[in-house]
Amino acid sequence: MPPNLTGYYRFVSQENMENYLRALDINVVLRKLVCLLQPDKEIIHTGDHMVIRTITSLRDYVMDFDLGVQFEENLEPVDGRKCQTTVSWEGDQLVCEQLGEKRNRGWRHWLEGDRLHLRMTVEDEVCVQVFQKVK
């Protein structure tokens with residue numbers, strides 16, 4: 001049975017955000033700004049329904065979805081695109097596939113103890129973030 005990810009997680013670290021954002025065609029000024037942010041995550045996981053909030057001082061981003069059901073995700077606040085998104089479990093990892101203009105776009109969440117890991121991919125770039133569970 002997959003883990004329940006419900007909780008509030010504080011930012012700990014990230015690797016390769018600059019190159020990840022460049023692969024999304026984010027302009028240099030916004031890339032520099034985003035690389036300075038230290039986002040928190042809030043996850044509400046109820047059965048096959050999830051809400052994932054990414055919280056920053058710049059803006060929040062909310063994903064509200066049912067597991068295994070494709071939906072149109074509006075990523076215009078992030079990079080000006082929309083894509084067809086499906087989130088499902090692969091073992092103990094929550095896996096998101098985002099089909100659209102960019103190849104190999106998506107992410108994975110998994111827990112290691114009380115740390116939430118996030119691996120984001122687009123094209124050939126990979127960005128990894130780590131968060132500490134606080135409640």
Side-chain angles (χ1 to χ4, degrees):
M1 172 171 247
N4 188 308
L5 300 179
T6 294
Y8 194 92
Y9 302 86
R10 291 231 187 268
F11 177 84
V12 173
S13 65
Q14 70 186 9
E15 298 173 16
N16 203 40
M17 180 61 84
E18 174 88 19
N19 290 331
Y20 172 80
L21 295 171
R22 184 179 292 117
L24 286 172
D25 304 320
I26 305 297
N27 73 60
V28 67
V29 174
L30 189 53
R31 282 197 318 260
K32 298 298 182 190
L33 178 62
V34 170
C35 286
L36 294 174
L37 296 175
Q38 297 186 352
D40 287 349
K41 292 275 186 183
E42 181 181 37
I43 300 176
I44 301 167
H45 179 178
T46 310
D48 285 339
H49 186 80
M50 295 187 84
V51 177
I52 301 176
R53 287 183 57 221
T54 303
I55 303 158
T56 72
S57 56
L58 183 61
R59 80 172 60 146
D60 295 352
Y61 180 73
V62 178
M63 281 186 75
D64 188 333
F65 58 91
D66 291 316
L67 292 165
V69 178
Q70 188 176 71
F71 63 97
E72 183 176 78
E73 184 176 8
N74 183 354
L75 291 162
E76 289 179 15
V78 178
D79 68 350
R81 295 182 174 89
K82 291 183 181 180
C83 53
Q84 295 301 308
T85 298
T86 306
V87 183
S88 56
W89 289 105
E90 284 184 14
D92 287 346
Q93 295 189 7
L94 187 64
V95 178
C96 174
E97 181 180 31
Q98 297 166 315
L99 301 174
E101 295 175 32
K102 291 291 185 172
R103 178 181 58 79
N104 192 34
R105 185 170 184 175
W107 51 259
R108 296 177 170 264
H109 271 302
W110 70 94
L111 289 172
E112 289 181 11
D114 58 356
R115 292 215 167 174
L116 177 72
H117 295 258
L118 171 60
R119 180 181 188 270
M120 299 178 287
T121 60
V122 66
E123 304 288 339
D124 296 321
E125 294 298 335
V126 176
C127 174
V128 177
Q129 293 181 323
V130 178
F131 304 84
Q132 177 71 45
K133 188 170 186 175
V134 294
K135 57 179 173 174

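Numbering of residues begins at 1 and proceeds along the displayed sequence. The figures here come from the full heavy-atom set of this structure, side chains too, leaving out hydrogens, waters and symmetry mates.
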Show the numbers, then the answer: is there a side-chain contact (heavy atoms from CB on, under 4.5 Å) between L94 and W89?
CA-CA 5 Å; L94 187 64; W89 289 105; 3.9 Å; yes
May I have the step-by-step check of side-chain contact (heavy atoms from CB on, under 4.5 Å) for D25 and K102, ending in yes or no?
CA-CA 10 Å; D25 304 320; K102 291 291 185 172; 2.9 Å; yes
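Closest of all the heavy-atom pairs between K41 and T54 is NZ-OG1, 2.8 Å. In plain terms, the two heavy atoms of H45 and N4 that are nearest each other are O-ND2, 3.2 Å. When all heavy atoms of C35 and M17 are compared, the closest pair comes out as SG-CG, 3.8 Å. Between L99 and C83, the closest heavy-atom pair is O-CB, 2.9 Å. Heavy-atom minimum distance, L67 versus G47: CD1-O, 4.0 Å. A pairwise comparison of heavy atoms in I55 and D60 identifies CA-OD1, 3.4 Å as the closest pair.
Between the OG1 atom in T56 and the CG atom in L36 there is a gap of 11.5 Å [rounded to 0.5 Å]. With values rounded to the nearest 0.5 angstrom, E42 atom CD is found 9.5 Å from T6 atom OG1. Of the inter-residue distances, the one linking C96 atom SG with R119 atom CZ reads 13.0 Å to the nearest 0.5 angstrom. Distance CE/M120 to NE2/H109: 8.5 Å, rounded to 0.5 Å. If you take OG1 on T86 and CG on D66, they are separated by 11.5 Å, rounding to the nearest 0.5 Å. Note that CD of Q38 is 10.5 Å distant from CD of Q129, once rounded to the nearest 0.5 Å.
At a threshold of 4.5 Å between side-chain heavy atoms, the hydrophobic network of Ile, Leu, Val, Met, Phe, Trp and Tyr places F131 and M63 in one connected group. Hydrophobic clustering, with ILVMFWY side chains joined whenever heavy atoms are under 4.5 angstrom apart, keeps F71 apart from I44. Note: the hydrophobic cluster containing L75 does not contain V51 (ILVMFWY, side chain heavy atoms under 4.5 Å, direct or indirect links). Cluster annotation: I43 and V12 are assigned to distinct hydrophobic clusters (Ile/Leu/Val/Met/Phe/Trp/Tyr, side-chain heavy-atom contacts under 4.5 Å, transitive). No continuous path of ILVMFWY side-chain contacts below 4.5 Å connects L118 to V126, so the two sit in separate hydrophobic clusters.
The pair D40-R53 fails the salt-bridge criterion, with no side-chain N (NZ, NE, NH1 or NH2) lying under 4.0 Å from an Asp/Glu carboxylate O. Salt-bridge check for E18 with K32: passed, with a basic side-chain N closer than 4.0 Å to an acidic carboxylate O.
The shortest side-chain heavy-atom distance between I52 and F65 falls under the 4.5 Å cut-off. Under the 4.5 Å side-chain criterion, counting only non-hydrogen atoms from C-beta, D92 is not in contact with L111. Using a 4.5 Å heavy-atom threshold, the side chains of E125 and L24 count as separate. The closest side-chain heavy-atom distance from D79 to R105 is below 4.5 Å. I26 is not listed as a side-chain neighbour of V34, based on a closest heavy-atom distance of 4.5 Å or more.
Crowding of Q84 atom CD: a count of heavy atoms from other residues, nucleotides or ligands under 6.0 Å exceeding 12. Under a cut-off of 6.0 angstrom, the local environment of CZ in R81 is crowded, with over 12 non-hydrogen atoms contributed by other residues, nucleotides or ligands.
Judged by distance alone, the side chain of E123 and the main-chain N or O of R103 form a donor-acceptor pair under 3.5 Å.
For D114, the side chain to side chain contact (heavy atoms under 4.5 Å, CB included) test picks out Q132, K133, with sequence neighbours left out.
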